[in-house]
Amino acid sequence: MKAAVVVFPGLNRDRDMIAALTKIGGEAPAVVWHKDAEFPKVDLIVIPGGFSYGDYLRAGAIAARSPLMETIRARAAQGVRVLGVCNGFQILTEAQLLPGVLMRNASLRFVCREVKLKVENAATDFTRGYSAGQIIRCPVAHHDGNYFADAETLARVEGNGQVAFRYAEGTNPNGSINDIAGVFSADRNVLGLMPHPENLIEAAHGGTDGRALFSALLQLAA
Amino acid sequence: MSFNNHVVITPQLVADHGLKLDEYQKILKLIGRAPTYTELGIFSAMWNEHCSYKSSKKWLRTLPTTGQLVIQGPGENAGVVDIGDGQAVVFKMESHNHPSYIEPYQGAATGVGGILRDVFTMGARPVAVMNALRFGAPEHEKTRHLVSGVVAGIGGYGNSFGVPTVGGEVEFDARYNGNILVNAFAAGLADTDKIFYSKARGVGQPVVYLGAKTGRDGVGGATMASAEFGDEIEEKRPTVQVGDPFTEKRLLEACLELMATGAVIAIQDMGAAGLTSSSVEMGAKGDLGIELDLDQVPTREDGMTPYEMMLSESQERMLMVLHPEKEAEARAVFDKWELDFATVGRTTDDLRFRVLWKGEEVANLPIKDLGDQAPEYDRPWSVPGMPRPLDPDDIPQMDLADALLRLLASPALSSRRWVYEQYDTLIQGNTVQRPGGDAGVIRVEGHATKALAFSSDVTPRYCEADPYEGGKQAVAECWRNLTATGADPIAATDNLNFGNPERPEIMGQLVHAIKGIGEACRALHFPIVSGNVSLYNETNGRGIMPTPTIGGVGLIPDWSKMARAAFAAEGEAILLFGAPDWWGTHLGQSVYLAQLFGRRDGTPPPVDLDHERKVGDLVRILIRDGVATAVHDLSDGGLAVGLAEMAMASGIGATINQLDGGDPIPLFFGEDQGRYLVTMQRDALETFYDEVYPYAGVFAPWIGNTGGTTLTLGEARPVPLTELRAAYEGWFPEYMKGEIS
């Protein structure tokens, strides 16, 4: 599977993401600058974490309205898999490619620590490397990860199996409703999550629980 | 907009610029006429303490700054040290004390921004930061607000920029009530053949302005930072700069891309005294003049006067001298990152610093006298008075287990988790030891096994009691913390925070601390390659405790063999390395006396540098040979606190024997230097004691074993780890919630 990592100015976990994809897939992903005229033909588009445009209006708000997002929206509609991590998740919700919003953490403070995640739906291209109900370790690092959706949206997301990961064992770091850490689009080809699986993929990270997400994706036939 | 560059220079105006009368006389003699208003501003910016080091230079020269691995010592934006394989670590520590007290969020944020710029100006990509913070007493009315603002500001800037925070210090003491300390450290990696310097070369080369626009923020900041505080401090708020980490991140990427094109001859970031000091520095170092045309400077607002433009400390700006034939290529890089790019001047051969504005020459000054030939003082200093040693019959008693729990729950020793969880400690994916241990460690990207360790240390209590021993101890503890991970300490940076140097007793503290630092650095082969001096940390005549912060860097050949402070397994032997033959009982100036009894008496523990080196070298070998399974240095709180920290980090308890007959309080809370706790597997003990110990010349008694879920210190009540953790983790969050004062 061919992957591309999208870079908006202010994103800063692009290097972490490129390193993870390269180490796990054995091949460096394409790197797409937000103003590049051509978007390569790929099977997986990744929007990494960071502070696109400084998060100056709202986290992800400016990047979500950039021309490049229209290309990504079109590719997603064609079934291309799109993964947004942290700021990437915020951008995808701002672009309404994913349901819900991400508000300021309940503590009002940035939080960087390790949490536990429960894999809610393992029957997708993204999560098939895990088993349903499995508890994994994963670090978080964000200021605006407090997931929220109105009652109707939340009922649909929950009822439709769109919750990908939930904070488990009392480790919800930000006040997210229903402990939601990551959600799928209705078609299951777009995933956004606040935690950083790319920072837990090798011995030096103290664990490899994040690896299965990428290896499952990268092993898919295009 | 009217601007009169030829106002009459009155004694009051001179004083408002922080210049002394004799300094003004020197200016008159130097230029043979009265300065213009802009020129007076330029002199005040260049000759203030912050930029000129005029009180400290004489003593800083005595520090060891060279070594086999040192590529660049003090005098550039940051120090550069060879780490092999064609790579170098570039690092420095710098204070942002005064602004952080006035406006904690922006003051601290721009402190981080400034130190990051110092590092990437030299061509290095920042890979780690640390912050050494000192606040007033917890019960002081401003402390909570300052902690909250400073920590959020550091996080807000560093997290957005994208560099991991791997260590630091947070301390409280009433002596910082009116002057907090924010010392920011940054390190980056560069190729040894691609280091960039500030020395301009070539006459008639374009001087190019890059980055953010110039605004009115920070005008006079460096001068403000060179004065004491009085009661009118709130009025100084406009002298604090405002940070924009998004622009800084783009500036980083743009600078590194630009450097790769080969266009850059010289580069200097605009830090303190902005455009003035960056252009003077580049010209003076290159023995060249500089001519600036202010009409070309990108400004944020209309009607800025030349005086404001020259003194603005707007952030995220760089000045470069570029190869003219590469200008178009350079401009394209900055267009890509949507940053300002403007040719604002040229280098000249007349050694003058000339500033043009709307066709008028508003300043024309000798560049060397502004820069590397600025005034220098040999200020009078007095020999610090020494405290009397602690009377061994005057040791206050407390139940040992209670004392340990109270210390772990004290402002001095409680967990700093509340602070470091607000910093991104993982970004870049190379962090192998996060804050909370002896030192932060990151992998060197692109190398299979190499890693760098970082630690920041000083014990102001010791420095106050004996500046010379305190200076030595700061270096030794930093060296020891790096060693405890298995690193070779390779070089350090110093951030010397003191009161008003015009008072001989303060100058005496500075002189003696520098002597102690120099002696320790020489003995431990730990050169100082960069640094910063922050003086006038005083409010209404009362100075801070002398605080010479040392930021050290160590090199680990193979991170898979590094040591951590957490106990590795149950049933291992615990050895006390470097102990004097009675384990150590020095309670003078200890945390035990200070936190539990409010006593600041006795002499600080002396540092025996030969012994320090011998013990450290042995511990490092044992780590690399895989014999030492966990290692922790002993410092504040002594043996009891060191053991508790190892136990809490691992979830494994320990039982410690007790020496016969001695008073357990000094044994468990004494702060004797040069000691490490080291664990080994039981079956490695015999080999160690038979084959290594007889030749080591280091006392290393086996004092107990790991295991269980309690910590048992001699005959004291066993304390469950859950109780230790509750005490240790509780204080900070409860304090910040306002539940305790």
**Report entry** Close contacts, residues 44-54 of chain A versus chain B, judged by heavy atoms under 4.5 Å
**Finding:** Phe51(A), Tyr53(A), Gly54(A)
Query raised in the report: So, do Gln422(B) and His143(A) sit near enough that their side-chain heavy atoms are less than 4.5 Å apart?
Result: no
Report task. Could you check if a side-chain atom of Tyr56(A) sits within less than 4.5 angstrom of a side-chain atom of Asp244(B), using non-hydrogen atoms only? Result -> yes
Query raised in the report: Is atom CD of Gln96(A) surrounded by more than 12 heavy atoms (other residues, nucleotides or ligands) closer than 6.0 Å?
Result: no
**Report entry** Note, Tyr423(B) side chain near Cys112(A) side chain (heavy atom, < 4.5 Å)
**Finding:** no
Query raised in the report: For Asn12(A), is it the side chain, the backbone, both, or neither that has a heavy atom closer than 4.5 Å to a heavy atom of chain B?
Result: both
Report summary line: Applying a strict 4.5 Å limit to non-hydrogen atoms, the region of Leu200(A) in contact with chain B is neither
**Report entry** Structural part of Arg434(B) lying under 4.5 Å from a heavy atom of chain A
**Finding:** side chain
Query raised in the report: In terms of heavy-atom contacts, does NZ of Lys118(A) have more than 12 from other residues, nucleotides or ligands at under 6.0 Å?
Result: no
**Report entry** Sidechain N-carboxylate O distance under 4.0 Å for Arg109(A), Glu421(B)
**Finding:** no
Query raised in the report: Ser560(B) versus chain A, heavy atoms under 4.5 Å apart: side chain, backbone, both or neither?
Result: neither
**Report entry** Contacting region of Glu445(B) [heavy-atom separation from chain A under 4.5 Å]
**Finding:** side chain
Report task. Flag the pair Lys35(A) and Glu338(B) as a salt bridge only when some basic side-chain nitrogen lies within less than 4.0 angstrom of an acidic carboxylate oxygen. Result -> yes
Query raised in the report: Closest heavy-atom contact between Gly10(A) and Lys249(B)?
Result: CA-CG, 4.3 Å
Query - Under 3.5 Å: donor-acceptor pair, side chain of Asp424(B), backbone of Ala141(A) - result: no
Query raised in the report: Which region of Ala19(A), side chain (C-beta onward) or backbone (N, CA, C, O), has a non-hydrogen atom less than 4.5 Å from a non-hydrogen atom of chain B, or is it both or neither?
Result: neither
Query - Between Asn159(B), Leu426(B), Asn430(B), the one whose heavy-atom pairs under 4.5 Å with chain A are most numerous - result: Asn159(B)
Query - Closest heavy-atom pair and its distance - Trp559(B), Ala203(A) - result: CH2-C, 4.3 Å
Query raised in the report: Which bit of Glu198(A) comes within less than 4.5 Å of chain B, counting heavy atoms only: side chain, backbone, both or neither?
Result: neither
Report task. Let me know if Arg15(A) has heavy atoms under 4.5 Å from chain B in its side chain, its backbone, both or neither. Result -> side chain
